[in-house]
Amino acid sequence: MTTPTFNISVLKGDGIGIDVTASAIAVLQAATKRVGGFELVYDYLKAGAAYYEETGVDIDPKSERSMALADAIFIGAIGLPHVRYPDNTEISLHLRIRENLQLYAGVRPVKAYPNTPQRLIHTDARKIDLVVLRESSEGLFYTAAVHNRNEVYNDNEVRETLRITRPTTEKLHDFAFRLATKRKQMGGQGLVTCVDKANVFRSIALFRKIFDERAQNNPKIKTSYRYIDALALDLIRCPWEFDVLVMENIFGDIISDLAGGLVGGMGIASCAEIGDNHGLFQPAHGSAPDIQGQNRANPLAAILSGALMLDYLEERSQVTALGDAAKLIESAVDRGFDQARIRPDEFGGDQGTIAVTNTVIELLHEA
Ligand code: IPM
Ligand code: MG
């Protein structure tokens, strides 16, 4: 029997995207070898802000097509502050990919690990374990993903559109309920909170209306509501009370950084962006060009995004070895923090990118 093989398009991108992608792939390779039963083939594509500076395009059309045919896409980080399109916006390749491939479900786990900086004094803060589910293909990013959709009149007025559509929103909420169900099977609270501003915006009111409709099909999952401003308050007051938080695109962008901050920082903020036919995996942090190549970036967000990619591939292919490899990586990170063997520079520790990566690989082999 031939070994199931999966093609991964890799876009290292810019800044520390390059550093953390190397770490993620090294860990994925170690886990693949350790578990066996599947193979990942990596196809490195040139794209991003530095590439745009060099060539005048953010990705070449051939690479964009091959990415759409891959089994999964892995991105380091895209963007450099000084590289801009003629309209002065930053390179938005990633936003375009999200829209073109309809990656509506942005999954951003937020979990407190032991021996990491606890930003909140309350002892329950060590129980934080939630997921920000960020709609990632429309919302207020609708006009930013593709140029010329915004209405720029002149220097006095600019309008951008917040777009909510029924088909995407139905799929997003269904995803939220499936995710809560899956987490409940592993001890989760079985709770989805609809985060919105339905009291003010018609678009967001539709978002909540569809949430209520889809909740009807999921009677075993509890529901609650927060307006986005009240959620910001409660994420500081009692973040441990939440499980799955589902929200519009820009709300999710902002809240995922706030939530990342609660459990240490963005260096641990992993992310999966999932659609009906494609999956993209990337750390939720930016490209931090100021620390690029200095062996300082925390690679854990990228490494954990690699584990999310394995989970996704398992779900699509039913090759259970992929899920085993994902669990192996997750448990290595769990044990690493538990035993204070993972100590990233970002959290005041003594380990740079390479040391964190090697420690995770060491822990993989001990399992
Ligand atoms: C994120 C990032 C991106 C976003 C940027 C880099 C375009 O902040 O993934 O959260 O705004 O979505
Ligand atoms: Mg962001």
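If you read the sequence from its start, that first residue is 1, and numbering goes on from there. In each ligand, atom 1 is the first atom listed, and ligand 1 is the first ligand listed.
Taking the charged nitrogens against the carboxylate oxygens, K182 and E315 do have a contact shorter than 4.0 Å, which makes a salt bridge.
Put simply, the side chain of R226 never gets that close to the backbone of T193: no donor and acceptor are under 3.5 Å apart. Between the D58 side chain and the Y52 main chain, no donor and acceptor come within less than 3.5 Å of each other.
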List, one per line, each side-chain donor-acceptor pair under 3.5 Å for residues 4-16, sequence neighbours excluded.
residue, atom, partner, partner atom, Å
T5, OG1, T3, O, 3.0
D14, OD1, A49, N, 3.3
D14, OD1, A50, N, 2.9
D14, OD2, A49, N, 2.8
D14, OD2, G79, N, 2.8

Review item, side-chain donor-acceptor pairs of residues 61-68, under 3.5 Å, at least two apart:
residue, atom, partner, partner atom, Å
S63, OG, D60, OD2, 2.8
E64, OE1, R96, NH2, 3.4
S66, OG, S63, O, 3.2

Residues 251-262, side-chain donor-acceptor partners within the protein, below 3.5 Å, at least two apart:
residue, atom, partner, partner atom, Å
S256, OG, R108, NH1, 2.8
S256, OG, G252, O, 2.7
S256, OG, D253, O, 3.2

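With a 4.0 Å cut-off on non-hydrogen atoms, Q282 touches ligand 1 through its side chain and not its backbone. By the criterion of a heavy-atom distance under 4.0 Å, neither the backbone nor the side chain of E273 is placed next to ligand 1.
Remark: distances from the non-hydrogen atoms of R108 to ligand 1 include one below 4.0 Å. Contact analysis puts R134 in contact with ligand 1, with a non-hydrogen atom separation below 4.0 angstrom.
Among the atoms of S256, none of the N or O lies under 3.5 angstrom from an N or O of ligand 1. Looking at ligand 1, you won't find any N or O of H94 less than 3.5 Å from one of its N or O atoms.
For atom 5 (C) of ligand 1, no protein heavy-atom neighbour is found at a distance under 4.0 Å.
Within the protein, the number of N/O/S atoms found under 2.8 Å from the Mg ion (ligand 2) is 1.
L103 has its side chain out of reach of S137: every pair of non-hydrogen atoms, C-beta onward, lies at least 4.5 Å apart. Using a 4.5 Å heavy-atom cutoff, the side chains of I221 and V244 are not in contact. In this structure the side chain of D71 never reaches within 4.5 angstrom of the side chain of R316, judged on heavy atoms.
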